[in-house]
Each structure stands twice: as structure tokens, then as C-alpha cells.
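Okay, so here's the structure we're looking at.
These numbers come from a predicted model, not from an experiment.
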Amino acid sequence: MPLYPGIFEKDVGIFLLSGELHYFRVPRKEWRERLSKLKNAGLNTVSTYIPWNWHEVSPGVFDFQGSTLEERDLETFLNYAEEEELGVIAKPGPYICAEWINGGIPGWLLREHSEILARNSRGKPTFWFFKKAPVITCLHPVYLNYTTNWLENVAALLAEHQYTKGGNIIMIQIDNESSYGFHFWPFDTDYNEVVIGTNNEEGLYQQWLREKYKSIEDLNKRYRSGFDSFSMVEPPRSMVKGNHHLAWVFDWIEFKEDMVANFLRKLAEALRRKGINVPLCTNEPYNILPPASISKKSRVVFDTIDLYPQLLNDLESCTEVVNNIERLKAEQTNVAPLALEMQSGWFVSRVPDNTLHLLERLAYIHGLKGVNFYMFSGGVNPKGYGTTDRIYYHDAPLNEKGEETNKYYIVKNFIDFVKSSEIKTKKLSEFVLGYYHPYLYARLINAKSIFSLGYRKLCGFFEKFKEIILKAGFNFESVDLRQASLENLAQLPLLSVFSLDFMEQTVIEKLIKYVEEGGFLFLLPFVPELDENFNGLELMKNILKVKRQKIGRGGWINTGELKLRSPFIVTFDVEGVEPLVFSNGEPCGFQINYGKGSIVQLGFLPNPEYLRFIFEKLDMGSRYCFSSGNILLCERIGDNIGYLLTCNLGWKDQKCDITFSSPSDLDKKILVEEMVVPRRSSIIWTLGLEIEDSKINYITSEISNLEKSDSIIKLECWGYENSPGRVSLTIPEKPKNVSVSSVWDEENKTLLIGYVHGKGKDIVVNAKNKIKIKIRGIRALDEAGKFNQLTYQLKRKIIKKLF
């Protein structure tokens, strides 16, 4: 087997490369060929759902050997995968989505037991995805009884195929996107009587409140209410005015998180009882309103994410992908971060090849340790089971007939790079963003801050701030402010926190202690002045010597060195600090030293130029890779090796200077002058690769293969057809000859070679170790046209307005 248990450890050196293939959508006679093609692309794992309503053909009657229909022969599919030496990610639900009728939940169960359906605030059943899948009250005892029975039956087969017993199942996903129906709209679920109780007895919600608050007096103090008992407390059914009610709504959302976590625990217990001992995971659909990671609450599963940008052709969509990855890493620090659904097609429209090409590289460079291409193989929906067209994922690397599409070679090209690279690198973390989970609650509800601006709009500014960070050339990572210990924060030379008007006192105290001990806190746009109960809290205001803060309309800010425009401006009545920026004569940015550290407070949204300027001016000690043109860069650094992702999202080639850090000396900058980056391109440069007594300082092509034999070093690389490339080599002595034009630097023992992708001969450097570099050119990849991109962006803006 190519995999082993350590794949799930955080710093593992193996990369999970998986492809989604649904045996129930492919004729049984084609299973072996599809699995073989999946392996030939370089993948080491196959992932598949196991639909409950496909295998429990009638109540209590299960078919896993194909006695009723050969495409139900799950055991043979697992055997075929094992013979192909592929690991398996098995996903038995009970809910699977998969654009499959009822998300895999049997129709007879829904018809005979409608009491299990989740209810909205009006008492009506809730449906998602245009009514193709009902939302279930996950802890309803009837539903738990049937799901437990299903999992115990399928687990009896899966247990015998685990790698711990010599088989090939390496991981099991329980349920799929469990939190979707519980977070997307705060008041759409779940008002089932099992949850909210009846006149005669408490429901799960009241029991949760009792456990959290212990006494009704403590609850009344936080809610500013007058309930006589916990049984009298009902969940909120709509947003009400006034900040003092927010604690009530926040508790409702937090309760639903805990309910899902408890549900996952019960599913895990059912599997463990039947001998399942491989790692268990769940999957989160991070999207416009990203839900919380519930894995750490469940304590029995680890979390993975979905990455479905649809089009990945602008800074906003790239930022969303980066944010989802970094949020996962911040919330879950003890295991390798994985994306078990990474878009490689779409079931209702065609995804541009360029989107998959860039998405692969963003995922890799931002630290994911494994991906599952969804879908890798298309298929055909059996009659009465699919919720989309008859053809499912025609646009996948393998289409519904099993034929290789252009995306097959895009995946293969990426895998070649992964296998030739040193993946034990970690991102150069110049910019760490503090993440505060209750701000997601605030974003989900339609409420206003004490500054009159809505939380949803303010959180939108935070998303814009992340775009600015990336455009400025910084690489951001996230840290969970509630979960991180002071010892962990102390390791950060810089911590940036986007703060609203409230924040719990313990977190503020942690931030203050961080500064006292020498940290640099970059705070914007507000100074929190309410605690988690929305009572007044002067702690941070006193530290910053702020008497009053007010928000005004946006406009131009003249910093003296740069002029910038912000959609809002917060000014501060402050004394005894160093003002940095003024708006109409009032400070809207200042710095204060506190203890051994320092705090910078900005009351506006900086642009990329000002962000770089202020970091250099205040000597915040933050590194960044920088392009003189509009190029998105991201750098990863390991032990003496690094990688630089260069993306030109524009519609024209860009001629620019690119600056990045030397892997062997992070304080040393390397400058590549007048580099032409092709339009709509993304490619990973290799930095500081040592081979025998030579070193590739940088190469602007992507390495797909590296071989060493005797005294010959062979590299295979690619770049965009007809685009220029460069390689800088450090070698012991001046080469005897070079097959292309080059420049030798005797003092630094460096050879600089220029070339064009797809033109001329291969590069041969005759030195002590002969170096052969085969350079090929690939055509510009298929992409969304301007009209399709503008249409998609318009749709996205409309959706965000609705949310």
C-alpha cells in the first residue's frame, strides 16, 4: 500500500492524492478500467459515497454483493481498488448529498416517519438544494435508531477492508456537510419538538442551556430576561432589535453546533462498536457564510473542507479559497489539513480548465496535505436516484464514458510536480490574522453594531482586508484567538486582529498580555468596548487611551506620503499616543507602546501600498514577496528549499520585477528583473533546490520530474508556450560550455540562463555534474471568457446581498 497511518499527522511527508469515483453511477464492468486510469494519473486513493437508499433496498434488507443489481456490489469494488493498490476513502453517510435523491436517506423512512424532519421557525419542514434533500433533526431518537442500524450493517463489511486488517480503507467520512442545514440560515432550523421541547417536558435546547448556565439566574443575567425556569426559555425565531438580545441568538447558534457534534459522536460510536478503527472525518462546505468547524467539539472526528470556487479568475475568489484553507488550519491544529472535495468539474455547467489548474496550486502552496478531486470520474444517474441531469459530471477528468478529458492531464501534470517536490515545507508566515469565532455568528444574523453599521457589512470589510493583504504581497495565516494559548501567541512577532464592537474579556486580556510580553498587535477598525454579554468593557479602550470612537462615511485619507480611499473612517478621541493618520483633523490611526510591545490601531481599510508602507515605516518585521506588477504571489519555505506561486489573473501579459526570500537566508532578498508573466497563468517556481554540489537558486518553470544518475542531473520542466523563462544555478566552477546563451558570475559562482518555453533545444550545462534541463511549453489553458466571468461575479454579488 502506498499509504500508512502517519498520513494523518500534521507534519507528514506524504501527500494524499485522491479522486472521487461513484461505483453506483458506473457500470460494474467498467469499474476496473476506471480505477486503473485513476491510478495511471498518479493518484494513490479513490473516494466514494456509499448511498444508504441504494443498499438498504427495503427496510432491513441490505445488498452489498450485487444480488439485486450488480452495481450494488460494493465488496467487489473494494477488492478491485485493493488490487490496483489504491487506498479507499469510504463515505457511508447517512447523509451524503452527492446530488442523490434525499441525500441517500431512504424514501420509506421519510414517508413513514415524517416526525424526524427538521422544522423552521414557522413549524414547516426545511429543505435544502431546491428541495432535493430534506434536513433531518439529527438527534431525533427515531432517526438515530435507523442510522445506527444502517452504519452497523455497512460497517460489518468495511471493517474487513480496513488497512489495519490488511485491506485498503484508510479513512471513513461520517455524514457529509452535517452543519449545512443548521447554519446557513439561523432561523430555518431546528424547531422540531425534540429540540425545543413541549409544554410538558424540556427539549434538547433547554437541557443544553441548563448544562451551560447551571442556574436560571445566570441565564437571566446574560439575557437580561426574567424566566422562572429553563423550560420557559424558547429559542429565538427572528432577529430582534437591540444588542442585548444578541447573546440569546448566539447561544441558539452555538447550541446547534453542539447538537451536530453530539450527532457525529453517536455515529462514530456505532462504527467503533463494529470494529472500525481507521480515522474518521467529516466535511464542511465553507462558502459565503462559512460554518464553524465542529470536529473539535465532537472530539472523535477531524474536519476537512470543500473547495468549489466555480471560477477562479479574480482576487476575490482566490482570497475565498485561501481563507477557507487558513481557517481550517487555525481551527484544527493537530492533524494534516485536507480538502476532500476539490472542484475538478461541475454537474450543471463546465468549469474552465484554468480554474482547476490554479486551484490545485493554491491548495498546495497554502499548505494542504491532501486533496480529493470531485469528481474525478463522471457517470450516469440511475433512473429515479439522481437530482441533476442524467449525465453526472461530464466535465470531470474522466467523462461519463470513462474517456480522458483535458482535465485528466491537468491533474496528472500537477501530480508530477507534487511527487517531484519537497512537500515538508511550511508557508512563510509574515501576516497572522486573529480569528474570533463569534464574529461568524454576528455575520449570520441581521443585526447592527453600536456604530449603526450592520455586522454583515462590517464582516464584508474583513473579507476585503484579506484581499488587500494578498495583493500587498503578504501571506496570511489564521490563528483562533479563543483556542490559542498565550505561549502560542508569544511565538508571533506580529498579530493582526480585525475587531468589531464586542469581544470576550478573556480574549482581550490575552491580547494585552501578548503585547506586554513584546508582541506587535495590529488592530482595526474598532476598539472593542463591549464584552461577550454585550455589557460595557473599557479594558482595551483604557490601554489605548481612547475616550471615544465614532464611525463616519468613507472618503479619501491623506497620510502625507500616500493618498488612499476607504469605505469607512473611524476617528478616535485619544491622548498621549503617536497619531499616524488624520481625517478632518482627527486621528484615524495611531500607535502606542505598551509593556515590551506595541499596538497600532487603524480606523480605516488600508490599500496594499499603505499596508506595505506602514509595516516598513513602523518596522513591524514582516516579510513579503513583492511584484511591481499586478501579480499574485505566495511563497513557501522549508529547510533550504522553497516554492513561489506566481499568478497573473489579468487579461494581459505582465512585465514586472519580482522579489522573494532566499530559502537559505530569509532576510536575503532575490530580485528577478523584468520578468514576463503570461496572462491568466499560474505556475510554481522552485527555489534553492540543492542537487549534489550544485544548486538551483530559482527556476521560473515548474519542475515535473527530477532524476540523478552518476554525474548527470536531469530535470523536466514546463511553462506557458512561447513565454520566457530563467534559471539561476550555483555551481562549483565555470562550465565548459552551455548549450544556450548564459551569463557567468565568477564572484558568486552563479550561472544565469534565459530561454523560451517550447522553442529551441534543451538546456545542457557541461560542468562537474552535467545538468540537462528539458523545457516544454504548454498552451494557455481553456478559461472562462470575460462575459461568463462578469456574469458569475454578478451572481455572486446578488447572493451576497441576499445573505
Side-chain angles (χ1 to χ4, degrees), residues 118-124 126 135 137 179-192 195-197 202-213 216 218-227 230-262 288-294 297 435-460 462 482 499-505 507 526 528-537 802-803:
R119 306 282 165 167
N120 62 22
S121 59
R122 300 178 303 281
K124 304 293 184 182
T126 297
V135 178
T137 298
S179 63
Y180 218 160
F182 295 86
H183 291 277
F184 203 65
W185 293 108
F187 309 112
D188 250 9
T189 60
D190 183 0
Y191 298 84
N192 189 299
V195 176
I196 66 173
E202 294 179 357
L204 298 171
Y205 170 63
Q206 289 83 10
Q207 294 167 18
W208 181 87
L209 290 174
R210 183 186 300 278
E211 184 176 345
K212 177 175 181 176
Y213 288 100
I216 193 65
D218 287 344
L219 179 143
N220 284 328
K221 183 178 179 181
R222 185 169 190 231
Y223 288 7
R224 304 176 194 180
S225 54
F227 296 111
F230 286 104
S231 61
M232 293 181 61
V233 185
E234 290 194 357
R237 294 177 183 266
S238 63
M239 194 55 232
V240 289
K241 293 182 179 180
N243 289 73
H244 59 283
H245 292 292
L246 289 179
W248 181 33
V249 182
F250 282 15
D251 269 358
W252 173 235
I253 300 173
E254 185 182 352
F255 156 72
K256 292 192 286 184
E257 288 179 354
D258 286 350
M259 183 165 60
V260 175
N262 191 15
I288 296 171
L289 299 178
S293 171
I294 56 177
K297 289 189 173 185
Y435 153 67
Y436 182 57
H437 186 61
Y439 288 167
L440 284 183
Y441 299 165
R443 184 179 181 179
L444 281 167
I445 59 180
N446 189 22
K448 288 187 176 182
S449 67
I450 59 174
F451 304 109
S452 297
L453 269 181
Y455 286 124
R456 196 167 293 168
K457 188 169 186 178
L458 287 170
C459 289
F462 186 28
R482 297 168 109 190
S499 57
L500 302 182
D501 56 350
F502 72 93
M503 184 178 286
E504 60 197 74
Q505 183 169 336
V507 172
F526 300 115
E529 54 183 76
L530 300 174
D531 65 11
E532 65 272 28
N533 297 319
F534 298 92
N535 296 318
L537 179 64
L802 292 174
F803 291 160

- Spacing of T189 atom OG1 and K256 atom NZ [to the nearest 0.5 Å]: 4.0 Å

- Going through the checks in order, is the side-chain contact (heavy atoms from CB on, under 4.5 Å) test met by M232 and F227? CA-CA 6 Å; M232 293 181 61; F227 296 111; 4.1 Å; yes

- Query: Sub-3.5 Å donor-acceptor pair from the side chain of N192 to the main-chain atoms of T137, do we have one?
  - Reply: no

- Query: Can you tell if the side chain of K448 reaches within under 4.5 Å of the side chain of Y455, non-hydrogen atoms only?
  - Reply: no

- Query: For V233, does its backbone N or O pair with a side-chain atom of Q206 as donor and acceptor, under 3.5 Å?
  - Reply: yes

- Query: If you round to the nearest 0.5 Å, how far is CD of E234 from OH of Y191?
  - Reply: 10.0 Å

- Nearest 0.5 Å, what's the CG-CG distance between L500 and L453? 10.5 Å

- Quick one: do N535 and L530 satisfy side-chain contact (heavy atoms from CB on, under 4.5 Å)? Show the steps, please. CA-CA 5 Å; N535 296 318; L530 300 174; over 6 Å; no

- Task: Rounded to the nearest 0.5 Å, what's the gap from CD on Q207 to CZ on F255? Could you check?
- Result: 8.5 Å

- salt bridge (charged side-chain N to carboxylate O under 4.0 Å, His left out) involving R482 - partner list, sequence neighbours excluded: E504

- Over all atoms of both residues, closest heavy-atom pair of G226 and N220: N-OD1, 3.6 Å

- Query: Between atom OG of S121 and atom CZ of F187, what is the distance when rounded to the nearest 0.5 Å?
  - Reply: 8.0 Å

- Message: Within the 3.5 Å criterion, strictly below it, is a donor on E254 or H437 matched to an acceptor on the partner's side chain?
- Response: no

- Query: Partners of F250 by ring-ring contact (aromatic ring centres under 6.0 Å, His included), sequence neighbours excluded?
  - Reply: Y441, F502, F534

- Here the gap from I445 atom CD1 to I253 atom CD1, rounded to the nearest 0.5 Å, amounts to 6.0 Å

- Note on the structure: Closest non-hydrogen contact found for Y439 with M503 is OH-CE, 3.5 Å

- Message: When you compare the side chains of R222 and N533, does any donor N or O come within less than 3.5 Å of an acceptor on the partner?
- Response: yes

- Is a side-chain N or O of W252 found less than 3.5 angstrom from the main chain of P186, in a donor-acceptor match? yes

- Item | Smallest separation among heavy atoms of L246 and A447, with atom names | CD2-CB, 3.7 Å

- Is any side-chain heavy atom of S225 closer than 4.5 Å to a side-chain heavy atom of L219? yes

- Has the side chain of R456 got a donor or acceptor atom that lies under 3.5 Å from a matching backbone atom of R443? yes

- Task: Count the heavy atoms belonging to other residues, nucleotides or ligands that lie under 6.0 Å from NZ of K212, then report whether that count exceeds 12.
- Result: yes

- Test: D258 and K297 ion pair at under 4.0 Å: yes

- Would you check if there is a donor-acceptor pair between the side chains of Y223 and D251 at a distance under 3.5 Å? yes

- Item | Expected output: side-chain E529 to main-chain D501 donor-acceptor under 3.5 Å | no

- Message: Can a side-chain donor-acceptor contact be found between N120 and T126 if the only test is distance below 3.5 angstrom?
- Response: no

- Taking the side chain from K124 and the backbone from R119, do they hold a donor-acceptor pair closer than 3.5 Å? no

